[in-house]
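Atoms within each ligand, like the ligands themselves, are counted from 1 in listed order. Throughout, numbering of the chain's residues begins at 1 and tracks the sequence.
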Amino acid sequence: MIIITPSLVFCNSDEVRALLEFKKGIHEDPLGKVIPTWNATAVATASDLDSCPTSFHGVVCDDASNSVVAISLNGLNLSERIHDLWNLQHLNLSNNRFSGGYPTGIRNLQQLRVLDVHANELWGDIGVFFSELRNVEFVDLSMNKFSGGLPVDSSNVSSLGNTIRHMNLSSNLLGGKFLTADTLSLFQSLVVLDLGDNMIGGELPSFGSLYNLRVLRLRNNQLYGEVPGELLATLIQLKELDLSGNGFSGSIRGINSTTLEILDLSSNRLTGSFPEFSSQSGLTTLRISNNSLEGSLPSEWRQFAKLSKIDLSINNLAGRIPPALFSLNLRDLNLSKNHFNGAIPFPESTTVGLLGRLRSLNLAKNSLSGHIPNSLVNIDGLESLDLSSNQFKGHLPGKLPPNLKLLNVTYNDLSGTVPESLRSFPPSSFHPGNEKLYIPGDEGSPGGGSNYVSGKNGHRGSKSSIKIAIILASVGAALMIAFVALAYYRSQLHGSSKYNGATTGRDVKVRRFTRPSLFKFNAGPEPSDTSLSFSNTHLLTSNSRTLSGQAELVPDFVDRAAAASSTSYVKPNLPDNL
Ligand SMILES: *[C@@H]1O[C@H](CO)[C@@H](O)[C@H](O)[C@H]1NC(C)=O
Ligand SMILES: *[C@@H]1O[C@H](CO)[C@@H](O)[C@H](O)[C@H]1NC(C)=O
Ligand SMILES: *[C@@H]1O[C@H](CO)[C@@H](O)[C@H](O)[C@H]1NC(C)=O
Ligand SMILES: *[C@@H]1O[C@H](CO)[C@@H](O)[C@H](O)[C@H]1NC(C)=O
Ligand SMILES: *[C@@H]1O[C@H](CO)[C@@H](O)[C@H](O)[C@H]1NC(C)=O
Ligand SMILES: *[C@@H]1O[C@H](CO)[C@@H](O)[C@H](O)[C@H]1NC(C)=O
Ligand SMILES: *[C@@H]1O[C@H](CO)[C@@H](O)[C@H](O)[C@H]1NC(C)=O
């Protein structure tokens, strides 16, 4: 384990020596950028020891004061200990493997404005860390292992509160409750606050006095209670609000904000109807998926001229899909898993241009009916279309958009033959369900049937379904051999043009025989252990990463880590960008 020693305060002329001290603490320099260039003799010969060492990799010098103003060693995979350089204004140690307690000497960095140590393995109590920070404006501690609660006592943040504009503590192990109204009100300059992916609980206080706040991300915590109304009103000119993955409840009444661009309230416990919005909304992204919204959608969507992504999936919304939704310039529309009924309200004469930007349309798991509109083909950019688990009837459109990569119309009541132009999609795009829908075999490819089982859609096949497929295929093969033998025997009896006749007979008869039985197997209920085995693998990976990560940690931390959710604890090992 690496120990970070308390700070030493250096006067200006000692900076080179301080840097050389700092260098001694670097145990590993895999990219070989720091140890070779941080070289005292080079400095000594070039000038005197008092000058700022411009030749040191990552050291930024201020010409006027001839002193070190920044050390930028991000992405070098260094492991080291941090000392202080009292005049330092900008410290960027992001994307390394620094581990250990946070640098307690930070309080001596009176000039420090920017501290970016994101994506390391630093730990320590966030409350104490807060009281160490003085005049900092930008703090990014994200993707580390800081723990403890946010400061409860306003006296501990008073100096920081005046200066801090950007604070990112996301993906740590923070617990406790959210800041109290008193403490929060001290952060007058705050523009960006990101506390996402932690374990912070409690209710949110009023944000009414944080006039400068523009970005608030609190996703994946354990917050509950009502969403404070002022976050959605005009008082604060918020641009982005992400409260997803918490336990917020109650209903959202009005969203009067005209500045809000990104609103994500997904995976909470919100009830009531779809909120009313102000007559002029700046929203580009609206996600309220996985809540308990009910009632129907408004018919008027004209105020959402900028809206590009809508995700209202997994709610109890009902009624018709408002036609006005399709006159917006949307990219992604996800209304899956609701109770919408009626037809897809495309204007039948959709021209290219209208809906031109639509990239993904997911209306799965509703009660939609009618035909699948032919005008879909005009949505040039459409890449993903999921209409599965509805009550669509009739024939499939003859053509679908050229760029479509994902098609799912399973579990409907479609009939007829899959049109030629759609046969590049795997059979799993059409079946199960749609028992009256026929997929003609690939001409000249007798393996078409077996491809269906073993090949392209392997993710659907659990081990047991593969076993069943093998058994069915073997039975089919045995029957085929028997049939060929019989045909051969009969052709021998008849004595003329035997071989051609037998081949034709086999092609036709065998296809007719094997296909229905294979379909039957595929028409069975979806094996659910596919997703199970996936998440098991995932957990296994997380656990093993957690264990290897713990090697460098002190025992009391291990306990906290074990209590933490694996997702917030396991940080990806980011590749070096530099
Ligand atoms: C720190 O360095 C990383 C990688 O170069 C960069 O993405 C990040 O913006 C820097 N942080 C600050 C505050 O400049
Ligand atoms: C304030 O910070 C000090 C450390 O400087 C800490 O000992 C104390 O517990 C903090 N007080 C509160 C109420 O968080
Ligand atoms: C906070 O940090 C995380 C991880 O480094 C990053 O993904 C996120 O965009 C940052 N938040 C803000 C508001 O910049
Ligand atoms: C916000 O919108 C609601 C519903 O449209 C309206 O009743 C309320 O007066 C508005 N509040 C403000 C502060 O504009
Ligand atoms: C829906 O939200 C619950 C918590 O409210 C969460 O456990 C679940 O994973 C979410 N489901 C999806 C599909 O996001
Ligand atoms: C739509 O919502 C469902 C359910 O929340 C989700 O599984 C899916 O990934 C979302 N997006 C798209 C493009 O289908
Ligand atoms: C198609 O949708 C069904 C039901 O919504 C789902 O079970 C199946 O996994 C989906 N198939 C593909 C290939 O996306």
Item to check | Element-labelled atoms of ligand 6 that are located less than 4.0 Å from some non-hydrogen atom of Ser336 | outcome: 1 (C), 2 (O), 3 (C), 4 (C)

Checklist outcome for this item: Within 4.0 Å of some non-hydrogen atom of Ser360, the atoms of ligand 6 are 13 (C)

Checklist entry - Among protein heavy atoms, which lies nearest atom 11 (N) of ligand 6, and at what distance? => result Asn334 ND2, 2.7 Å

Item to check | Any donor-acceptor pair under 3.5 Å from Asn338 side chain to Leu317 backbone | outcome: yes

Item to check | N/O donor-acceptor pair under 3.5 Å between Asp116 side chain and Ser94 backbone | outcome: no

Checklist entry - Okay, side chain of Asn120, backbone of Asn96: is any donor-acceptor separation there less than 3.5 Å? => result yes

Checklist entry - Considering all protein heavy atoms, does one lie under 4.0 Å from atom 9 (O) of ligand 6? => result no

Next on the checklist: Does Arg214 have more than 12 heavy atoms from other residues, nucleotides or ligands lying within 6.0 Å of its CZ?
Outcome noted: yes

Checklist entry - Does Asp194 reach the main-chain N or O of Asn168 with its side chain, forming a donor-acceptor pair under 3.5 Å? => result no

Checklist entry - Hey, is the main chain of Lys145 close enough, under 3.5 Å, to the side chain of Asn172 for a donor-acceptor pair? => result yes

Next on the checklist: Distance under 4.0 Å to a non-hydrogen atom of Ser170: what atoms of ligand 3 satisfy this?
Outcome noted: 1 (C), 2 (O), 3 (C)

Checklist entry - Is Asp140 in polar range of ligand 3, meaning some N or O pair under 3.5 Å apart? => result no

Checklist entry - Under 3.5 Å, is there a donor-acceptor pair between the side chain of Asn212 and the main chain of Ser189? => result no

Item to check | Where ligand 6 meets Ser313 - atom numbers and elements under 4.0 angstrom, heavy-atom basis | outcome: 2 (O), 3 (C), 4 (C), 5 (O)

Checklist entry - Are the side chain of Asn95 and the backbone of His118 linked by a donor-acceptor contact shorter than 3.5 Å? => result no

Checklist entry - Short check: is a protein heavy atom less than 4.0 Å from atom 5 (O) of ligand 6? => result yes

Checklist entry - How are the rings of Phe425 and Phe430 set to each other: parallel, tilted or perpendicular (split at 30° and 60°)? => result perpendicular

Next on the checklist: Could you tell me, atom by atom, which parts of ligand 3 come under 4.0 Å of a heavy atom of Val192?
Outcome noted: 13 (C)

Checklist entry - To which of Leu141, Asp116, Val191, Asn168 does the heavy atom nearest atom 14 (O) of ligand 3 belong? => result Asn168

Item to check | Subset of ligand 6 atoms that lie under 4.0 Å from at least one heavy atom of Ile314 | outcome: 4 (C), 5 (O)

Checklist entry - Mind checking whether Ser428 has an N or O less than 3.5 Å away from an N or O of ligand 7? => result no

Checklist entry - If you measure every N/O of Asp386 against every N/O of ligand 7, is any gap under 3.5 Å? => result no

Item to check | Polar side-chain atom of Asn290 near backbone of Ser313 as donor-acceptor pair, under 3.5 Å | outcome: no

Next on the checklist: Tell me whether the count of non-hydrogen atoms from other residues, nucleotides or ligands lying under 6.0 Å of CZ in Arg165 goes above 12.
Outcome noted: no

Item to check | Atoms in ligand 3 flagged as close to Ser142, the criterion being non-hydrogen separation under 4.0 Å | outcome: 2 (O), 3 (C), 4 (C), 5 (O)

Checklist outcome for this item: ligand 6 to Asn362, heavy atom cutoff 4.0 Å, flagged ligand atoms 1 (C), 12 (C), 14 (O)

Item to check | Residue Ser389 vicinity, atoms of ligand 7 by number, heavy atom under 4.0 Å | outcome: 4 (C), 5 (O)

Next on the checklist: Checking the N or O distance criterion of under 3.5 Å, is ligand 3 in contact with Arg217?
Outcome noted: yes

